[in-house]
Amino acid sequence: MSDTIHTGSSPGRGPRAAAHPDTAPHRATPADVAEASALLRRGDAEHRTLYFAGAGTKAQWGGEVEPADLTVSTAGLAGLISHQPGDMTAAVGAGMPLAQLQTLLARHGQWLALDPATEPDGATIGGLLATGDAGPRRLRYGTMRDLAIGATLVLADGTVAHSGSHVIKNVAGYDLTKLFHGSLGSLGLIAEVIVRLHPRPPASATVVAAASAAQANTAAAQLSRCGVEPSALEWIGPTGAESAGTLLARIDASPAGVAAGTSRMAALLSTLGLVPHALDDTDGEEQWRRVAAGAAGGPADSVIRGGTRPDRLPEVAEALARLADQHGVATTLVSSAALGLHTAVLSGAPHAQADVARGWRRRIEELGGALSVRNRPAEVAAELTAWPDPPSAVALLRAVKHRLDPHARCAPGRFRGWN
Amino acid sequence: MTPHTSGYVTSVSEASPAGWAALRAGFAAIVGRSGVISEPAQLRTYECDGLTGYRVTPALVLLPQTTEQVAGVVAVCARQRLPFVARGAGTGLSGGALPVADGVVIGLSRMRAVISLDAANQRMTVQPGVTNAAISQFAAPEGLYFAPDPSSQIVCTVGGNVAENSGGAHCLKYGFTTNHILGLTLVTPDGAVVRLGGDSADTVGPDLLGVVVGSEGTLGIVTEVTVRLLRRPESVRTLVADFASIEDAGRAVSDLVAHGVIPAAVEMMDHLAIEACEKATGAGFSRSAAVALIVELDGFAAECAADFDTALRLCNANGADDIRIPATAEERALIWKGRKSAFAAMGRISPDYFVQDGVIPRTKLAQVMTRIAEMAEDANLRVANVFHAGDGNLHPLVLYDARREGEAERAEQLATAIVERCVDAGGSISGEHGVGADKACSMMKMFSPDDLAVMKRVRDAFDPAGICNPGKIFPTPRLCGELPGPYRPHPLEAAGIIERG
Amino acid sequence: MTETSVPAARGSGQPDDDQSPDVVVHVDNHGATGIFDALHPPADELIADCVHCGFCLPSCPTYTLWGEEMDSPRGRIYLMKAGREGSVAMDDTYAGHFDACLGCMACVTACPSGVQYGQLLEAVRPQIERNHSRSRTDRWFRGAIFALFPYPNRLRVAAAFGILYQRTLRGLLHRTGLLKRLPPRLQAMEALLPPMRLRDVVTRLPEHTPALGATRHRVAMLTGCAQQVFFSEVNAATVRVLAAEGCDVVAVADQKCCGALSVHAGREPEALQRARALIDRFAALSVESIVVNVAGCGSTMKEYGTLLRDDPDYADKAWAFSAKVRDVSELLDQLGPLAPRHPIPARLAYHDACHLAHAQKIRSQPRSVLATIPGLDVVDIPEADLCCGSAGIYNLVQPEPAQELGLRKVANLISISPDMIATANPGCLLQIRRYLDPPVPLYHPVQLVDFSIRGINPVAP
């Protein structure tokens, strides 16, 4: 077992490191599931608190985790355990970075159909499951909720539990893989994940057009219905001097299919009074990087995430712009237009950031949605709760937490306000 | 799991006639007199679902009509520690709605309202008794439909689909019920009402919605379902290819996958299944074919056309004897009607059958099918095969005649052995029918004691009293034995609670 | 061996004979058939065809209304099975679930396993009549129905009183609200009474109508009971159309009721007696087909072979008789149109009568026949397979569910905005008329063919 002791704060992983939870006095990197199990079990008697770390790209999502006694890194659980190209499934160690997995799978013309913004920063498979992070192409392919078909989990008391199997279609037993989706490390360690794969799309192209929120809303709805089956539909809100935002529509298909699809999408956008530009794979990638960067933010910024019904985009964008203006905060907004998911980056005085975030949360809740906080500087954290009010099912969440982690050792504080 | 070891009290049978009457009156005050079924002959009609091998007469059947009524009766059950079992249309194939002796059946068949339809955002909220097909019918005027299409879709309810995480022929491309549920209203086993999921597409916190879907009615009763609706694809292309062997057909499917084509559906039927289908529906499958392969592609017309040509080419390259391409929507609908009637049509070629639901990695298809044929020959029984070739979900139909001495036992042993063979091949004991009462003992073949213990912890979080559909999914080592092996009587049967039907 | 003592049929040659089902048929039961007696209990092999799949549930009107297993085909078959086992009692509850069954046989159409629910039901209903006692009011009411409806002359008298009532008392009863205070069954009867003219009620068909032009086919026609009294114009139209299409039509005046209502109500001795009488009456006629324009009657007449299988004197004759029975649309479709048609430009909602579509599987023929009328747009209605609630005497003895179904059927018919509605059964016509609001012209399909041949457009402004 490798057990290194760090003193002081560890080097920041990822772009934001203001209040990094990975500051535990002890850090361990188990090399396999058995080691991980033994490690967790050892700390059970003294109720040592635990923090599970992948690449740390989303370490600050949700509530601030209290400093833990032991950080368990998944860097040693990072191998490709098996890959069945004919069945389109693979079993992967939780610590493997997505980028590395994609490289390995590409040799067989396959990929794990995820394109999160955190991929270049080393986002791991386990982290993607624990956080539910995904990218624009979730429109077509789903998230880890849909792509993970099994997992090996290690609970705080060392119990190893397997969920799911190597076949895509499986209803035997409870879907613990889904239970851990979105759990942000609060229920236990994800050690291995079994994923379903897709054939790598032979070609991809993107159509962009300048569009207001209202125009993007209409366009996205129509593009979803025009028969093309776009793989991503995103809208970047106007920034700085621009008066309009940018709508991006992506299609993955064969070269012929991409050509036909692109021209159909462009034609449709034209009939809506927009001016489309078709971009090939390379130029398109450049635009998608812009989308990813737009949702990143710096160490002094807050990144907040709202979810509503898709057709609320204009109200959501209007509210953000109004609040930002009112409080003197600069914002960027990136929305998955056909999904109703909105990521906003707020820059400015911390007090003002918190005001804007709270105001936007209120508006989004009025519209029937919910808002959570992904990243924020410490000063903002003091004034802004990470989570909305506890849901009606909070008693169940507490009961599940209590059964799996009775001594509340895993990521304590992550769901502050709900526990 | 017998009533005496599960942790709940059979207070009904121990109650005095006066107590029993008071209980009935209490329920009637909540659901109305017409919502309480208590006559012996009437209770008999609820004693099994689509799995007729096991029957248990419930003590009472309740038919509520609203979420409040469901919560009210569950609260009474919780107070009285009365076990209850939720039931939709009773078409399940794993005994998920098998009643508990001295327990209550809570039927959702009267909760059939559409609550709201948001066509712009492609979602609809319905009560759990709405049938799967009815959802698509209601959504049709908006050009939308509900993608999960289990074969019993004209009668099975969406509540049942949620409980079993039902699949269907088109789940290869479109996923299962769990991929199309945006929210649920759940009555928890203590009678509280909670909402899971919501407007936001993000999961916020651990995904309880994802755990409840597929939990087979053991974590509570769903009283409202918000479903995701899809737009019909602009192009649908179907072919039916006859092959001389499963190996040939399987290779065609593998080639298709290797070429990066994901069909919307890939189905296979063997000779016996075709015979039954044709007797029932006359759908036009060829009775001289050893295997019929249905491949359906849908989506963007340009892409679909290219993929269809690939599929044709690959079927021919792998020795297809004949390829039929339906010319009209009606013809295609008839093909699917034939395929979807397969189970029920078995009644035309055999008085009884067990249908299994094992899953294997698709690449092991030919090998496992050969093994099944060998096992069937050894047991001197016929096995018809209908399966989802795209995702490896097999439906071997073990045909038997209960009137012949010992045949029912042999058939059940064979069915269990087939399922366990699937696990050995790296698959699962159930792809879509659920574990229910039928495969509980086989859970130990697929999961370790720790795996089951952790699932049990989750169950206890929802249902500490153990009254919500007890006896389903989880085996009891005492009754199932420590190791899976040859035929074991169903736990309730071994305890003398139920008899073979 | 079981002892079956059935009292000899009394006076089968006399008109208007009284065949009360309360003539008790004693059948000794040696216990192998549970709560059923040994006279044709529902057959084990037929029950075993049911694999409990539930595909019948969405097609069943009572399951659609009430959502409970006992009132679904699957549940009723289960009750039959339990009855055979002897593990349940034939009490009011048990009998009630079979009384609630409309006998529409939509489940037979829906069932993938080929369960012959119609045969099972026709085995169970007589069992209930024999082995279960109804309440006195129920017995009286049913007795009254069967003392009236199978007798056209009595119906004419009742119709005459009905016309008088409609012109005098009805308005008063309506306005004072006294009508609503009547028991539901009497209200049902009252409401079903259609508007009538005395001359239509008393008119009779000519006994022989020769073909126009060359004779293609020789037919005998069933004149019906309610049909000849309440819908004499349908009979007249039928004869005209058949003649126009080259048929020689014999419609003997002294034919009696075919017994369909009795069969469907489980009143077996009465049904057998009527079947024998009708077979005898038509035996003397040398015709190639026996034409029926009532769906319910045609369905029963095609089953005479099964009905009389135990009677060595009639079994063969019954099969021969049944082989000749044709619904009028079936025959017209078989013969092919001869007489020129004139257009009827109109939108027609066609309602498939259950005993035509489900029992006789006659769906395409009425549509083909109507398609020979130029300009007629025949449109299918939503929930086409759902019974209208008439179901023989069902809308009299089970008025509440019949009302729900009637309203639903009418809503479905109106939803396609028809200019006219057509259906091939007088029971359906009466039921639909009762709930139709605003009024839309109602016809038997053969009337439309008749209009077309005669160059009449019934909905011309």
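Letters go in sequence order (proteins before strands), and every chain restarts at 1. Source: prediction; values computed, not measured.
For A/Ser165, the part lying near chain B is the side chain, with the backbone staying farther off; criterion is any non-hydrogen pair under 4.5 Å. No part of A/Asn217 comes within reach of chain B, as not one of its non-hydrogen atoms sits under 4.5 angstrom from that chain. For a residue to count as touching a neighbouring chain, one of its non-hydrogen atoms must lie under 4.5 Å from one of that chain's; by this rule A/Ile251 touches chain B with the side chain only. Residue A/Pro391: no heavy atom, backbone or side chain, is found under 4.5 Å from chain B. Proximity to chain B involves both the backbone and the side chain of A/Tyr174, based on heavy atoms less than 4.5 angstrom apart. Using a 4.5 Å cut-off between heavy atoms, B/Ala302 touches chain A through its side chain atoms alone.
Counting non-hydrogen atoms of neighbouring residues, nucleotides and ligands closer than 6.0 angstrom, the NE2 atom of A/His402 reaches no more than 12 such neighbours.
Looking only at side-chain heavy atoms (C-beta outward), B/Phe176 and A/Ile168 come within less than 4.5 Å of each other. Side-chain contact between B/Asp202 and A/Arg305 is present, with at least one heavy-atom pair separated by less than 4.5 Å. Inter-residue side-chain proximity for A/Gln84 and B/Arg362 is flagged as unmet; no heavy-atom pair is nearer than 4.5 Å. Using a 4.5 Å cut-off on side-chain heavy atoms (C-beta onward), A/Leu153 and B/Val454 make no contact. Between A/Arg145 and B/Leu209 the shortest side-chain heavy-atom distance falls below 4.5 Å. In this structure, the side chains of A/Thr89 and B/Pro361 stay at 4.5 Å or more apart for every pair of heavy atoms. Taking the side chain as every heavy atom from C-beta outward, B/Cys304 and A/Glu229 never approach each other to under 4.5 Å. Residues A/Asn170 and B/Met446 form a side-chain contact, since some pair of their non-hydrogen atoms from C-beta on lies under 4.5 Å apart.
Ranking B/Leu208, B/Thr203, B/Asp118 against chain A, the residue ahead of the rest is B/Leu208, based on heavy-atom pairs under 4.5 Å. For chain A, the option among B/Lys364, B/His388, B/Glu216 with the highest count of heavy-atom pairs below 4.5 Å is B/His388. Of the listed residues (B/Gly167, B/Ser254, B/Gly299), the greatest number of heavy-atom pairs within a distance under 4.5 Å of chain A belongs to B/Gly299. Between chain A and the options B/Thr188, B/Asn121, B/Asp460, heavy-atom pairs under 4.5 Å are most frequent for B/Asn121. Of the residues considered (B/Val423, B/Val211, B/Thr363, B/Ile429), B/Thr363 shows the highest number of contacts with chain A, using heavy-atom pairs under 4.5 Å. Among the candidates B/Leu186, B/Val261, B/Val359, B/Val212, the residue making the largest number of heavy-atom pairs closer than 4.5 Å to chain A is B/Val359.
B/Glu432 contributes no side-chain N or O that, together with a main-chain N or O of A/Lys169, makes up a donor-acceptor pair within less than 3.5 Å.
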### Task
Go through the steps to decide whether B/Arg228 and A/Asp146 satisfy the test salt bridge (Lys or Arg N to Asp or Glu O under 4.0 Å), and finish with yes or no.
CA-CA 14 Å; B/Arg228 179 205 313 280; A/Asp146 311 292; 5.9 Å; no
### Task
Please report the C-alpha distance between B/Arg457 and A/Leu404 in whole Å, then the side-chain angles of each, then the deciding distance to 0.1 Å, and finally whether the side chain to side chain contact (heavy atoms under 4.5 Å, CB included) criterion is met.
CA-CA 7 Å; B/Arg457 292 198 216 181; A/Leu404 299 183; 4.2 Å; yes
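When all heavy atoms are compared, the tightest approach of A/Leu341 to B/Ser200 is CD2-OG, 4.2 Å.
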